Amino acid sequence: MDLSAINPVLLVASLMVAATPLLLASIGELVVEKSGVLNLGVEGMMITGAISGFAVAVETGSPTLGFVAAAAGGALLSLLFALLTQVALANQVASGLSLTLFGLGLSALMGQGYVGVKPPPTPKLDIPVLTDLPVVGRILFGHDLMLYVGVAIVALVWAVLKFTRAGLILRAVGENHHAAHALGYKVVRIRTLAILFGGACAGLGGAYISLVRVPQWTEGMTAGVGWIALALVVFASWKPWRVLLGAYLFGGITVLQLNLQAAGVAIPVEYLAMSPYIVTILVLVILSADKSSAPASLGRTFHASH
Amino acid sequence: MIVIEKRPQPSQLWSVATPIVAVVATMIVGGLLFAALGKNPVEAIATIFWEPLFGEYAFYYRPQLLVKGAPLVLIAIGLSLGFRAGIWNIGAEGQYIVGALTGAGVGLAFYPLEAWYVFPLMVMAGALGGWAWAMIPAILKVRFGTNEILVSLMLVYVAEQLLASMSLGLLKNPEGFGFPGSRNLQSYPSGHNAELIEGTGMHWGVVAAFVAVIFAYVLLNRHMLGYQIRLTGEAPRAARFAGVRPARLILFCLGLSGALAGLAGLFEVSGPSGQVSIDFNVGYGFTAIIVAFLGRLHPVGILLAGGLMALTYIGGEIAQGNLGLPAAAIQVFQGMLLFFLLAFDLLTNYRIRFAGKEVA
């Protein structure tokens, strides 16, 4: 065992990379849940985004187009969820599950020709002087653009929810859909838009895994990240900046256990690989005592019958 | 203008018709999907639904129907009880793995002793393993109010790692020349879940599945606890006033579904699969969710749905061999089925009217 092989600067830099898929997926799901909808299909939307982004990036040679396609793919799949829950008034838990099952199958089908293919590299930011700074240069200024986009989306969601009228309406719909309806807001339309935003974010997160983090395509490669993202929203008590904190925390655990595996710690690999999931459970237990911040209409079907 | 109106009572007719309509719709859209993949849609659908039952080699495939259907029905019956009460155990896959591990572990501990009591002990250990794995989300939910959906699902990934660790370590075959995987229980008569009647596919797991269907039917229709489960699902507030204790219900529903999933795992590992190996689990725990909904959370419905789902598995394998249809296409097909089911379920609870302009 050689712990000195773990370089703290590299650790923090790779922590941020590991956290970004989680961050993107959770911030999207946060908006969805703020509107009062529980979409359990994050895993399915992520993996669909992962393969759509991967396929388009490989075919066009442009990672940027890949990310655009990933967002579109995730949003398209989430549209199915919106149809089921908002138009057909189906149970949200069941619909979300079906979205995940369907997405896993669909992505495997789409990805058949892409196993073992290398995607075009996503360029890293390289600002003269800044990136070359010792320690902070690598950590703050040495990543690909998507990582910063992720943080920017968090800031944007925070600002919109806190300071704008649109954010207020979204929260009103999530807290009490009947009251919002009575005030004349289009509950179904607002929720559909929120679901689409969540789908696009999850798609981006998935593509970040297949294009930047791994980068290659394998079936089921999201391996539960979508589910951890759902847990993260609870962890963050539906607050955007806490999503960022939580994502980096989980990213840290993931990277640390990988580093410990590589350093040859005396704990078997399988038990280290379990740790992110076990930590998620522990965090859920600690935080589940306080449910006061959950949107009041979360998971309830809205039908304007009166 | 189309108006969706809530029915005062769910429609009995549509409740039965929805799964059938959903299956037909899935066949049509699935056919289009297969056509898009460059296969003859009619031939593909016929291969999946007709070939295993009435085709040339049906004598080989029909027993498979029981082998594949039994774990699905067994798990789905357990899940349906919880789903009815709004308790979402979606980690059956993990409970299935752990049941197989504990059951096979007990069997392997006795190896090479030949005795009548080995198999019953394995069955008990399997059920207990699945039960214990499901008790983790149950107790956390009851004690701390933790979301059982997320916890039970996280435990699937933990169980998969545990499976890898066991098949490479503790349960590895000492005479396996270093290959991963345990001893094959098929060659250990006392621990083998053999076919009860040669060539039928009928093993103890199939018997257990039928018993579970009957048990669930009686529980739901003739027993207080079953009534409480139904009441909690349909009117949670009324249930609380009627003195239903939610904690007890959560422990019961999650525990039972875990035990049944564990049993399914044990019967699989000691029978058709034979050994603990890294890729032992094939997603029965997730497909069972589709089975439970397709069967309308009703025991008899689940039995039929389990058969249909087993058919798509077997037919899908044939289509893979004969037509080169990718395995993932069948997974999409199964996912689509659940989509259509949920969508058409609208007609059970709501009525669609074509009305004139609405006067507010």
Side-chain angles (χ1 to χ4, degrees), chain A residues 38 40 43-44 80-81 83-85 87-91 93-112 219 223-224 227-228 230-231 234 268-291 301 303-305, chain B residues 4-6 33 37 83 86 88 90 136-137 140-141 143-147 149-169 283 286-287 289-290 292-293 326-347 349-350:
Chain A
L38 181 67
L40 291 182
E43 180 84 2
L80 273 176
F81 177 82
L83 280 175
L84 280 178
T85 58
V87 180
L89 306 172
N91 177 302
V93 174
S95 305
L97 286 176
S98 73
L99 203 67
T100 290
L101 293 174
F102 181 74
L104 286 171
L106 185 69
S107 63
L109 191 62
M110 286 164 67
Q112 282 189 325
E219 268 182 39
W227 293 103
I228 296 182
L230 277 159
V234 181
V269 174
E270 292 85 12
Y271 292 93
L272 282 172
M274 278 178 202
S275 56
Y277 307 109
I278 293 179
V279 169
T280 307
I281 294 174
L282 288 179
V283 166
L284 277 174
V285 169
I286 295 165
L287 288 160
S288 46
D290 174 34
K291 284 224 173 54
T301 300
H303 179 234
S305 42
Chain B
I4 299 173
E5 222 176 52
K6 196 167 172 78
L33 171 78
L37 291 169
F83 288 178
W88 300 94
I90 57 170
I136 300 172
L140 292 181
K141 168 116 184 158
R143 183 75 185 74
F144 302 103
T146 314
N147 183 319
I149 300 176
L150 292 172
V151 175
S152 63
L153 197 99
M154 287 294 136
L155 286 172
V156 174
Y157 294 97
V158 176
E160 276 177 351
Q161 295 297 333
L162 200 64
L163 175 70
S165 158
M166 287 297 159
S167 51
L168 295 170
F286 293 115
T287 313
I289 298 172
I290 306 181
F293 280 110
I330 294 303
Q331 218 183 332
V332 173
F333 194 76
Q334 292 175 344
M336 221 155 29
L337 187 56
L338 187 50
F339 267 139
F340 280 117
L341 190 77
L342 292 167
F344 284 117
D345 216 14
L346 175 73
L347 300 169
N349 293 311
Y350 295 86

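Owing to the predicted nature of the structure, the values given are computational and were not obtained by experimental measurement. Chain identifiers are assigned alphabetically (A, B, ...) following the order of the sequence lines, protein sequences preceding nucleic acid strands; residue numbering begins at 1 within each chain. Side chains are part of it too, since the values below use all heavy atoms of this structure and drop only hydrogens, waters and symmetry mates.
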Any side-chain heavy-atom pair from B:Gln331 and A:Leu104 closer than 4.5 angstrom?
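Yes, their side chains come closer than 4.5 Å.
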Is there side-chain contact between A:Tyr277 and B:Leu155, with heavy atoms separated by less than 4.5 Å?
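In short, these two side chains do not touch, never coming nearer than 4.5 Å.
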Given that the side chain runs from C-beta out, which part of [X] has a heavy atom under 4.5 Å from chain A: side chain, backbone, both or neither?
{"X": "B:Leu33", "result": "side chain"}
{"X": "B:Tyr350", "result": "side chain"}
{"X": "B:Leu140", "result": "side chain"}
{"X": "B:Ile290", "result": "side chain"}
{"X": "B:Leu37", "result": "side chain"}
{"X": "B:Ile149", "result": "side chain"}

Chain B heavy atoms under 4.5 Å from [X]: which part of the residue, side chain, backbone, both or neither?
{"X": "A:Leu40", "result": "side chain"}
{"X": "A:Ser95", "result": "both"}
{"X": "A:Phe81", "result": "neither"}
{"X": "A:Leu84", "result": "side chain"}

Nearest heavy atoms of [X] and [Y], plus distance in Å:
{"X": "A:Glu270", "Y": "B:Ala164", "result": "CG-CB, 3.9 Å"}
{"X": "B:Met336", "Y": "A:Phe102", "result": "N-CD1, 3.8 Å"}
{"X": "A:Ala223", "Y": "B:Tyr157", "result": "C-CE2, 3.7 Å"}

Among [options], single out the residue with the greatest number of heavy-atom pairs under 4.5 Å to chain A.
{"options": "B:Leu162, B:Leu337, B:Leu153", "value": "B:Leu153"}
{"options": "B:Leu338, B:Asp345, B:Val156", "value": "B:Leu338"}
{"options": "B:Gly335, B:Ala159, B:Ala328", "value": "B:Ala328"}
{"options": "B:Leu168, B:Ile289, B:Ile90", "value": "B:Ile90"}

For chain B, which candidate among [options] shows the most heavy-atom pairs at distances under 4.5 Å?
{"options": "A:Pro276, A:Ala231, A:Ala88", "result": "A:Ala88"}
{"options": "A:Ala90, A:Gly224, A:Ser98", "result": "A:Ser98"}
{"options": "A:Ser107, A:Gly103, A:Gly105", "result": "A:Gly105"}
{"options": "A:Val93, A:Ile278, A:Leu230", "result": "A:Val93"}

Hey, could you give me the [atom1]/[atom2] distance between [X] and [Y], rounded to the nearest 0.5 Å?
{"X": "B:Thr287", "Y": "A:Leu101", "atom1": "OG1", "atom2": "CG", "value": "7.5 Å"}
{"X": "A:Leu284", "Y": "B:Phe144", "atom1": "CG", "atom2": "CZ", "value": "12.5 Å"}
{"X": "B:Asn147", "Y": "A:Leu38", "atom1": "CG", "atom2": "CG", "value": "8.0 Å"}

Please test A:Thr280 against B:Leu150 for side chain to side chain contact (heavy atoms under 4.5 Å, CB included), starting from the C-alpha separation and ending with a verdict.
CA-CA 9 Å; A:Thr280 307; B:Leu150 292 172; over 6 Å; no
On the 0 to 90° scale, with breaks at 30° and 60°, tag the B:Phe293-B:Trp88 ring pair as parallel, tilted or perpendicular.
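Judged by the thresholds at 30° and 60°, the geometry between B:Phe293 and B:Trp88 is parallel.
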Got a sec: does the CD of A:Glu219 have more than 12 other heavy atoms crowding it under 6.0 Å?
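No, CD of A:Glu219 has 12 or fewer neighbouring heavy atoms, counting only those of other groups under 6.0 Å.
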